[in-house]
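Just so you know, these numbers use all the heavy atoms, side chains as well, and skip hydrogens, waters and symmetry mates.
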Amino acid sequence: MREIPVQEALEAVDRFLRGTAATPFFVLADGNEAYRRILGELRQRLPVIAVSGFCAGDAFPDFDGVAARIRQTEKASLVVGLGEAVQLSGASSILGELKDTYTDAKIVILCRGVRREILSLAGSDPKFGSRNYCVTESPDLFEVRRYDSALEVPAHASGFQELLQELERGELPVIRVKSSLAMRGCKNITTAYGALREEDPGFPVPESCLEAEQWEQFLTDRGCSGYPVTHWRTFLKYTLEMPQDPYVRYVMERSADYADYSRLIVSAILEIPPEDGRFQALYQSRKELLREADDAGIAGYVSQTAARDGKRIYYLTDNTEEERREILKEIARRGSVPPEIERIYPALGCYLQNYSFSGENGPRLTDYFAQYKLQKVCNAITPEFLQEVLELARPGNRLYHFLPTRGSVLERLASPRDLLYWIDGLGVEYLGYLQKRAKELGLVLSITVAKAELPTLTAVNRDFYDNWSGPKENTRRLDDGKHRRSLLTGTENRSPYPIHLSEELTLLDDVLKWVRRKLSGGEVSRVILASDHGASRLAVINERENRWKMATSGEHSGRCCPVSEVDERPDCATEERGFWVLANYDRFQGGRRANVEVHGGASLEEVLVPVIAVSWKRRSVHVENLTPVTHSDNLDTIPTLVLHSSQRLERVTVYFRQKPYPAVRDADDPYRFQVQFPDFRKSGSYTADVYADDNYTNQISFEIQRTSGGSRRDQEDFFS
């Protein structure tokens with residue numbers, strides 16, 4: 001049968017309607033344009049019988065009901081939807097049944113999708129010929145795409161009945177339907193990934209990259225930004241557009257799917273030795289990427305790093321509490337702090353920065369606490385430092401006698417708008433850390449080192465707080481952490497390593513942020529941070545009971561002991577308020593061994609307490625280096641810098657290679673200072689940090705050049 005134009009098809013219908021044929025006439029118009037033209041002409045002249053009316057929701061039509069309705073029709077009518085229903089359901093027998101059905105009324109069946117079936121009927125039945133059907137020229141074909149009902153996709157129709165209604169209208173070349181029916185002659189899309197590819201045939205990500213559930217979520221929500229780096233959406237974002245980040249590129253090159261990615265984004269760094277030239281960049285990139293990652297997702301990685309033995313610390317970061325604790329454990333096991341600690345754990349690097357004590361005994365105190373902090377972190381006491389402690393414990397050598405009392409300092413500072421904040425257990429060991437963090441938070445510190453009352457117990461040292469007449473608040477959390485209780489969990493800390501330091505630094509950070517909020521709100525003009533006593537980690541790890549058997553047992557982990565008439569006074573103890581108080585690292589017999597830190601004694605770290613006045617940052621101070629090049633040799637030429645301050649300053653300290661060097665003021669010019677580095681002669685280009693009156697101001701650069709020997713006049717008389 002030849003294909004005819006639409007107009008000829010309409011003329012064939014007219015001949016059928018005027019003729020005597022008693023069986024239905026089939027008009028085959030597969031293309032939408034031909035279908036719409038014929039439908040538009042015929043429905044103006046004939047009532048329409050829609051096969052969709054014989055459907056019940058998402059079900060194929062009742063073809064018996066369709067046939068019965070056609071037989072019972074008394075007026076010439078147009079049937080639509082039958083061909084499409086047959087094509088999609090496969091129920092082609094209705095076509096043969098209607099071909100042979102005699103009707104009283106003229107029935108025109110306008111159908112699509114069944115050309116092969118109609119031509120097959122014509123080939124098998126010579127009587128079924130040109131008087132019974134015609135085929136239009138229809139180059140464009142309609143298309144049905146069936147989506148599984150569970151897929152979250154927009155569709156033109158829901159269920160087979162709505163689909164057939166759309167087909168009967170003939171307005172859409174492609175119709176999307178959500179249906180649970182298995183249909184023939186259409187594109188069946190049963191997965192979310194299939195729906196994506198149907199929408200975007202060029203979608204470049206293979207289906208195997210994600211699980212079916214993830215594709216379903218992506219089909220509903222295409223957003224991939226703002227998710228954690230370990231999330232599958234982030235992986236998909238990187239798959240669609242590779243970022244420049246070196247660690248991400250390294251991971252993506254090794255990830256066939258999200259399962260690979262989720263494992264490698266955490267652990268791929270373990271493939272690279274620390275000495276590899278790529279390591280530093282990849283390590284830093286990974287650290288930034290995982291900064292907000294879930295701690296639970298890092299736990300497995302932390303276990304994996306244990307296989308790196310002596311190099312393990314280089315694979316850890318300070319992103320999570322678990323890693324910070326493991327860093328502290330590794331340092332204690334190694335017995336040394338790696339030079340890279342400021343990159344690995346910046347807060348710990350700040351803690352280890354020396355604080356420059358002033359006064360006649362300043363250099364000795366500075367060195368003492370530098371050594372104390374290092375040994376606290378390394379969890380060991382060197383014989384040299386222990387000897388220093390014993391020396392300072394002797395009568396007449398106790399440096400705290402030269403310090404002002406905490407009460408006298410607070411009396412001098414007190415102002416009606418000052419808020420006193422008591423941090424129980426805050427010793428001077430944290431001053432370097434507080435300096436660094438205060439600078440980053442825009443706070444100005446004015447630090448005075450004072451002494452606590454002996455014994456260094458809270459009950460003896462809280463009158464400063466009780467007697468404060470202005471606003472006041474306090475926290476015991478720092479002291480709680482030194483008495484076995486974890487600051488994070490409240491559980492008992494039985495670790496043999498100084499892992500509590502991580503929580504202590506976090507707590508002090510929180511305190512400074514709290515202070516900043518108080519000052520920014522204008523509630524107070526200053527916040528005075530003060531403490532009742534410090535504490536000693538080294539007195540705990542010393543694990544030594546002294547030889548004296550006292551009449552009463554030692555108290556507070558043996559750091560002090562009530563005095564009685566039969567007691568012999570130990571050389572290393574002082575008598576205060578009815579107690580023998582130990583100034584070395586021993587403990588009196590009978591005292592319960594401490595596990596974390598201890599106080600009650602008279603070691604410097606227990607007795608020295610800071611009084612810190614915190615205020616808003618003053619106008620900018622800048623210290624300029626007037627000596628871009630300085631010289632040194634093996635004899636008496638010492639590297640020397642001349643500095644100039646933009647404001648008059650009381651005290652200037654230069655921190656070079658993490659060590660403080662006090663600057664000396666010019667007698668004739670109060671804005672000029674000299675600083676020397678007598679213990680460093682190596683040539684090279686260097687930077688140093690300048691602190692003015694306990695606060696960071698700026699960084700300076702300079703070069704040291706080696707000379708052949710002899711003194712240089714320009715270094716001997718630098719102020720001339």
Side-chain angles (χ1 to χ4, degrees), residues 351-376 381-382 384-410 412-413 426-435 445-456 461 530-531 533-539 571-574 576 581-585 599 601-613 649-656 658-665 673-679 691-694:
Y351 169 78
L352 291 171
Q353 174 178 287
N354 297 339
Y355 173 74
S356 180
F357 290 82
S358 59
E360 182 180 352
N361 295 306
R364 194 169 187 183
L365 289 174
T366 299
D367 183 66
Y368 178 93
F369 280 98
Q371 294 300 317
Y372 170 80
K373 290 188 292 184
L374 183 61
Q375 289 169 85
K376 173 177 175 176
I381 308 173
T382 65
E384 295 80 8
F385 187 74
L386 189 57
Q387 186 59 43
E388 171 75 350
V389 172
L390 293 174
E391 181 68 23
L392 292 172
R394 293 192 177 96
N397 290 353
R398 295 166 189 163
L399 299 182
Y400 57 82
H401 286 313
F402 300 95
L403 296 172
T405 64
R406 177 186 47 237
S408 66
V409 175
L410 286 171
R412 174 172 54 82
L413 288 175
L426 180 70
V428 296
E429 66 180 275
Y430 305 101
L431 288 177
Y433 179 76
L434 292 172
Q435 277 185 318
L445 307 184
S446 178
I447 300 171
T448 305
V449 176
K451 62 183 176 184
E453 303 293 340
L454 297 180
T456 50
N461 284 276
S531 178
H533 54 75
S536 179
R537 170 66 179 171
L538 301 192
D571 290 340
C572 55
T574 184
E576 296 284 349
V581 183
L582 290 172
N584 64 359
Y585 286 161
H599 60 88
S603 69
L604 289 178
E605 59 267 28
E606 295 170 275
V607 178
L608 270 60
V609 290
V611 179
I612 309 171
L649 303 172
E650 293 300 319
R651 187 159 61 103
V652 173
T653 305
V654 176
Y655 283 81
F656 177 49
Q658 297 187 323
K659 182 177 179 180
Y661 294 85
V664 179
R665 187 191 306 276
F673 295 82
Q674 173 215 17
V675 62
Q676 293 186 320
F677 310 123
D679 54 351
Y691 278 73
D693 302 337
D694 296 319

Would you say that L434 contacts Y355 through its side chain, given a criterion of any heavy-atom pair below 4.5 Å between the two side chains?
no
Under the salt bridge (Lys or Arg N to Asp or Glu O under 4.0 Å) test, which residues partner E391, sequence neighbours left out?
R394
Please check if the side chain of D693 supplies one atom and the backbone of E650 the other of a donor-acceptor pair under 3.5 Å.
yes
When you look at V607 and R398, which way does the side chain to side chain contact (heavy atoms under 4.5 Å, CB included) test go after all the steps?
CA-CA 10 Å; V607 178; R398 295 166 189 163; over 6 Å; no
With rounding to the nearest 0.5 angstrom, report the CD to NZ distance, Q353 to K373.
7.5 Å
Side chain to side chain donor-acceptor pair (under 3.5 Å) partners for E576, two or more places apart
none
Under 3.5 Å, is there a donor-acceptor pair between the side chain of Y400 and the main chain of A452?
no
Are side-chain heavy atoms of D694 and R651 found at a separation under 4.5 Å?
yes
Nearest heavy atoms of V581 and P455, plus distance in Å:
CG2-CB, 3.7 Å
Checking E388 now: which residues fulfil side chain to side chain donor-acceptor pair (under 3.5 Å) with it, not counting sequence neighbours?
R364
Atom CD1 of I447 and atom CZ of F357: how far apart are they, to the nearest 0.5 Å?
9.0 Å
Minimum-distance pair of heavy atoms, taken over all atoms of C572 and N584:
SG-ND2, 3.3 Å
Distance-minimising heavy-atom pair for L403 and A450:
CD1-O, 4.1 Å
What's the spacing between F673 CZ and L649 CG if we round to 0.5 Å?
5.5 Å
Minimum heavy-atom distance between V609 and G534, given as atom pair plus value
CG1-N, 3.9 Å
Could you tell me if the side chain of P610 sits less than 4.5 Å from the side chain of L426, heavy atoms only?
yes
In sequence, state the C-alpha distance, the side-chain angles, and the governing distance for Y691 and Q435, and then conclude on side chain to side chain contact (heavy atoms under 4.5 Å, CB included).
CA-CA 9 Å; Y691 278 73; Q435 277 185 318; 3.8 Å; yes
Interatomic distance, CG@D679 vs OH@Y661, rounded to 0.5 Å, equals 3.5 Å
Can you name the salt bridge (Lys or Arg N to Asp or Glu O under 4.0 Å) partners of E429, sequence neighbours left out?
K376
For the residue pair Y372 and Y368, does the interplanar ring angle fall in the parallel (under 30°), tilted (30 to 60°) or perpendicular (over 60°) class?
parallel
Please give me the minimum heavy-atom distance between G601 and T456, naming the atom from each residue.
O-OG1, 2.8 Å
For Y655, what residues pass the side chain to side chain donor-acceptor pair (under 3.5 Å) criterion, not counting sequence neighbours?
none
So, taking the atom named NZ in K659 and the one named CG in D367, what distance separates them when rounded to the nearest 0.5 Å?
7.5 Å
Minimal heavy-atom distance between A602 and E606, with the atoms involved, is N-OE1, 3.7 Å
Would you list the pairs meeting salt bridge (Lys or Arg N to Asp or Glu O under 4.0 Å) in which at least one residue belongs to residues 445-455, sequence neighbours left out?
E453-R577
Could you check whether any side-chain heavy atom of T382 comes within less than 4.5 Å of a side-chain heavy atom of Q375, counting everything from C-beta outward?
yes
Side chains of L608 and L365: does their closest heavy-atom pair fall under 4.5 Å?
yes
Side chain to side chain, L431 and F369, heavy atoms closer than 4.5 Å:
no
Could you grab the distance from atom OG of S446 to atom CG of L413, nearest 0.5 Å is fine?
7.0 Å
